[in-house]
Amino acid sequence: MDIYRKNDIDNNLSLLHVRPLDVMIVGATGAGKSTTLNAIFNSEVAKVGRGVDPETMEIRDFSIERLIRFWDTPGLGDNIKKDEQYSKKMIDLLYEKYSYNSKNYGLVDMVLVVLDGTGRDMGSTYKLLRDVIVPNFPKDRILVGINQADMAMKGRHWNFMINKPDDTLEGFLEEKCNSVVERVKEATGIKIKKPVYYSGEQNYNIHKLMDFIIDNMPKERRKLVL
Ligand SMILES: Nc1nc2c(ncn2[C@@H]2O[C@H](COP(=O)(O)OP(=O)(O)O)[C@@H](O)[C@H]2O)c(=O)[nH]1
Ligand SMILES: [Mg+2]
């Protein structure tokens, strides 16, 4: 398999002296976490939800060799009881540790938040960030990706011929990125990097999403503060 920017990932990992890079993917049910993984792997690795069934009940991992391992998590926003259960699973994963030279480090290196670009369920994503991720994970290791770029204006202004947004939709998506930065700041107090927008389903800007991850890979392991 041809791995996108394999050498760059490899070089960044040498700084960490540990492999692979562990990326946890979080977001609301139906945001497109599993679809995003399938696009990254260019095959149906993760089960995509149809209708209201969240499909992903357990946390599962998907590896690109010994380079990057993605953790697909169940989404929040279905019901309070499940949200509690799933939040606990996510927090457990955030505190998962490994030992290196008799010191403990956090397994998860980065969190990728998948946000649904159609604007559905933004509230549950901000809540997830505020209540689950930000209190338990370093803020400079959190990235946000805006999925479903094709549907951001209800399917209008998406050019199916060239599989790209037209200028109007592009402007809209740019604006959305800025407003997400502001909304996250309001909801959680943290300033995230400007998100990238993409579409897992249309395979649009998936390399940009990978660039976003690769270019923001941490330079050191995550010390666990308990
Ligand atoms: N139009 C469009 N639909 C998408 C996109 N990504 C996901 N979907 C659809 O959204 C639904 C939920 O996707 P899924 O990956 O299961 O979401 P998850 O619950 O976050 O894992 C499925 O019906 C997908 O086909 C996208 O980029 N564009
Ligand atoms: Mg899923």
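First listed ligand is number 1; within each ligand, the first listed atom is number 1. By convention here, the first residue in the shown sequence is residue 1.
For atom 24 (C) of ligand 1, the candidate residues are Lys33, Gln202, Glu201; the nearest heavy-atom contact is made by Glu201.
For the side-chain contact (heavy atoms from CB on, under 4.5 Å) test with Leu21, the passing option among Leu16, Ile9, Asn12 is Leu16; the others fail.
By the criterion of a heavy-atom distance under 4.0 Å, the side chain of Asn147, and not its backbone, is placed next to ligand 1. Contact annotation: for Thr35 versus ligand 1, heavy atoms closer than 4.0 Å belong to both the backbone and the side chain.
Per-residue contacts place Ser199 under 4.0 angstrom from the following atoms of ligand 1 (heavy atoms of the residue considered): 26 (C), 27 (O), 28 (N). Interface atoms of ligand 1 facing Ala28, defined by a heavy-atom separation under 4.0 Å, are 20 (O). Near Ser34, meaning under 4.0 Å from any of its heavy atoms, are these atoms of ligand 1: 15 (O), 21 (O). Residue contact check: Met151 has heavy atoms under 4.0 Å from atoms 1 (N) of ligand 1.
The closest side-chain heavy-atom distance from Ser34 to Lys47 is not below 4.5 Å. Within the 4.5 Å cutoff, side-chain heavy atoms of Asn104 are placed close to those of Ser99. Within the 4.5 Å cutoff, no side-chain heavy atoms of Val114 are placed close to those of Thr35. Ile40 is listed as a side-chain neighbour of Ile206, based on a closest heavy-atom distance under 4.5 Å. Tyr4 has its side chain out of reach of Asn42: every pair of non-hydrogen atoms, C-beta onward, lies at least 4.5 Å apart.
Below 3.5 Å of separation, one finds no N or O of Lys47 facing any N or O of ligand 1. The shortest N or O to N or O distance between Gly32 and ligand 1 is below 3.5 Å. Any N or O atom pair closer than 3.5 Å counts here, and Ala149 shares no such pair with ligand 1. Among the atoms of Gly200, some N or O lies under 3.5 angstrom from an N or O of ligand 1. Backbone and side-chain nitrogen or oxygen atoms of Thr29 are examined, and none is located within less than 3.5 angstrom of a nitrogen or oxygen of ligand 1. Geometrically, ligand 1 and Asp72 share no nitrogen or oxygen pair separated by less than 3.5 Å.
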> For Thr188 and Ile133, what are the C-alpha separation, side-chain angles and deciding distance, and is it a side chain to side chain contact (heavy atoms under 4.5 Å, CB included)?
Replying inline: CA-CA 10 Å; Thr188 68; Ile133 310 298; over 6 Å; no

>> Working note: Asp61 + Ile59, criterion side chain to side chain contact (heavy atoms under 4.5 Å, CB included); need CA distance, chi angles, decisive distance, verdict.
In response: CA-CA 7 Å; Asp61 61 290; Ile59 295 177; over 6 Å; no

Identify each donor-acceptor pair in which a side-chain atom of residues 159-174 lies under 3.5 Å from a protein atom, sequence neighbours left out, and give them as a table.
unit_1, atom_1, unit_2, atom_2, d
Asn159, OD1, Met161, N, 2.9
Asn159, OD1, Ile162, N, 3.4
Asn163, ND2, Gln202, O, 2.6
Asp166, OD1, Thr168, N, 3.0
Asp166, OD1, Leu169, N, 2.9
Asp166, OD2, His157, ND1, 2.8
Glu174, OE1, Lys194, NZ, 2.6

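Counting only residues at least two apart or on different chains, the salt bridge (Lys or Arg N to Asp or Glu O under 4.0 Å) pairs with a member in residues 202-223 are Arg5-Asp211, Arg5-Asp215.
Here Thr29 does not reach the Mg ion (ligand 2): none of its N/O/S atoms is less than 2.8 Å from the metal.
Within the 4.0 Å heavy-atom shell around ligand 1 one finds Ala31.
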